[in-house]
Amino acid sequence: MNQEVWSKVDRYLAERLIPADPVLDAALAESDAAGLPSIQVSPAQGKFLHLLARIHGAKRILEIGTLGGYSTIWLGRALPPNGKLLTLEVDSKHAAVAQANIDRAGLADKVEIILGSASESLATLIEQDEAPFDLVFIDADKPSTPGYFQKALQLTGPGAVIIVDNVARRIAAVEAESGDPGVEGIREFLEIAAKEPRVTGVGMQTTGAKGYDGFAMFLVTS
Ligand code: SAH
Ligand code: DHB
Ligand code: MG
């Protein structure tokens, strides 16, 4: 198996199960045109997140790492009419591109971008008693993942779902001392999650257009 096959199969499945979507296409085109890195979730991963939020009946969603708003749109579309999604982004250029994409998607009333370092924004949300969220998607700077996971726990309660992207990005994640701060961040987060009595979770490897990677998903139990 190789990247060519993964991409081909991803395309094959998406062509059948993910209808053409001019709004999402435009979000990607505008992100590209603005020079944003093309590291958003794949269409299949985006729709997976969307379905998960709908199955869960999530009314309040927290996203950490907005980029151009691609995953934001997938998740925002899962919300009921009175639903709310807060998405945290440190880069003002990314946030501006995302805002335009969110507006075009007709989600401006449900989605709010909070500009600033996610650690600080999360601390403010905790201080201001913005909890609880039904679903949290963690997908920002990987070295900070342990802290984001711990803050996500402070912003959720029993029954909530926490999803973390890129837990198997480069198989080095399972090798000792890779030296890559991103990989080390994911490893440390997994150690913390393993010992955390308030959650039960799983890591799912994914292959596809974005290569070899994985999601971790947790249910907050207490
Ligand atoms: N969830 C997006 C992809 C996010 S990429 C999608 O799938 O469409 C990661 C994003 O996290 C980038 O936009 C980056 O600028 C942002 N980021 C990096 N460090 C951050 C920090 N400390 N606080 C908030 N956002 C950060
Ligand atoms: C990359 C992919 C991601 O999903 C992410 O959140 C950050 C970086 C990458 O492929 O480099
Ligand atoms: Mg990611």
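When reading the values below, keep in mind they use all heavy atoms of this one structure, side chains included, and skip hydrogens, waters and symmetry mates. Source: prediction; values computed, not measured.
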Within the distance-only criterion (no hydrogens, no angle test), does the side chain of [X] pair as donor or acceptor with the backbone N or O of [Y] below 3.5 angstrom?
X: Lys151; Y: Glu120; result: no
X: His56; Y: Asp134; result: yes
X: Lys142; Y: Ala140; result: yes
X: Asn2; Y: Glu4; result: yes
X: Asp139; Y: Asp165; result: no
X: Gln40; Y: Gly69; result: no
X: Ser144; Y: Gly147; result: no

Rounded to the nearest 0.5 Å, what separates atom [atom1] in [X] from atom [atom2] in [Y]?
X: Gln45; Y: Trp74; atom1: CD; atom2: CH2; result: 12.0 Å
X: Thr66; Y: Glu112; atom1: OG1; atom2: CD; result: 11.0 Å
X: Thr145; Y: Glu188; atom1: OG1; atom2: CD; result: 9.5 Å
X: Gln150; Y: Tyr148; atom1: CD; atom2: OH; result: 12.5 Å
X: Lys110; Y: Leu79; atom1: NZ; atom2: CG; result: 6.0 Å
X: Ile64; Y: Leu122; atom1: CD1; atom2: CG; result: 4.5 Å

I'd like to know whether Val41 forms a side-chain contact (heavy atoms from CB on, under 4.5 Å) with Phe48, so could you lay out the CA-CA distance, the side-chain angles of the two residues, the decisive distance to 0.1 Å, and finally the verdict.
CA-CA 10 Å; Val41 293; Phe48 177 79; over 6 Å; no
Between [X] and [Y], is there a shared hydrophobic cluster once you connect ILVMFWY residues whose side-chain heavy atoms come closer than 4.5 Å?
X: Leu17; Y: Tyr12; result: no
X: Val183; Y: Met204; result: no
X: Leu24; Y: Ile39; result: no
X: Phe149; Y: Met217; result: no
X: Ile61; Y: Ile138; result: no

Would you tell me whether Tyr70 and Asn101 have side-chain atoms, one donor and one acceptor, within less than 3.5 Å of each other?
no
How close do [X] and [Y] get, counting heavy atoms only, and between which atoms?
X: Ala160; Y: Thr156; result: CB-CB, 3.6 Å
X: Ser121; Y: Ile114; result: OG-CG2, 3.7 Å
X: Gly68; Y: Ser31; result: CA-OG, 3.7 Å
X: Pro146; Y: Ile192; result: CB-CD1, 3.7 Å
X: Pro37; Y: His94; result: CD-NE2, 4.1 Å
X: Gly211; Y: Gln3; result: CA-OE1, 3.0 Å

With heavy-atom distances below 4.5 Å as the criterion, would you say the side chains of [X] and [Y] are in contact?
X: Lys47; Y: Pro43; result: no
X: Leu153; Y: Ile162; result: yes
X: Gln99; Y: Leu115; result: no
X: Val90; Y: Asp141; result: no

Specify whether Phe137 and Phe215 have parallel, tilted or perpendicular ring planes, treating 30° as the upper limit for parallel and 60° as the lower limit for perpendicular.
perpendicular
Contact list for residues 48-75, test salt bridge (charged side-chain N to carboxylate O under 4.0 Å, His left out), sequence neighbours left out
Arg60-Glu130
Paired with Leu62, the side chain to side chain contact (heavy atoms under 4.5 Å, CB included) test is passed by just one of Leu85, Leu155, Thr87, namely Leu155
Quick test of your reading of the model: are Arg77 and Asp21 salt-bridged, counting only N-O distances below 4.0 Å?
yes
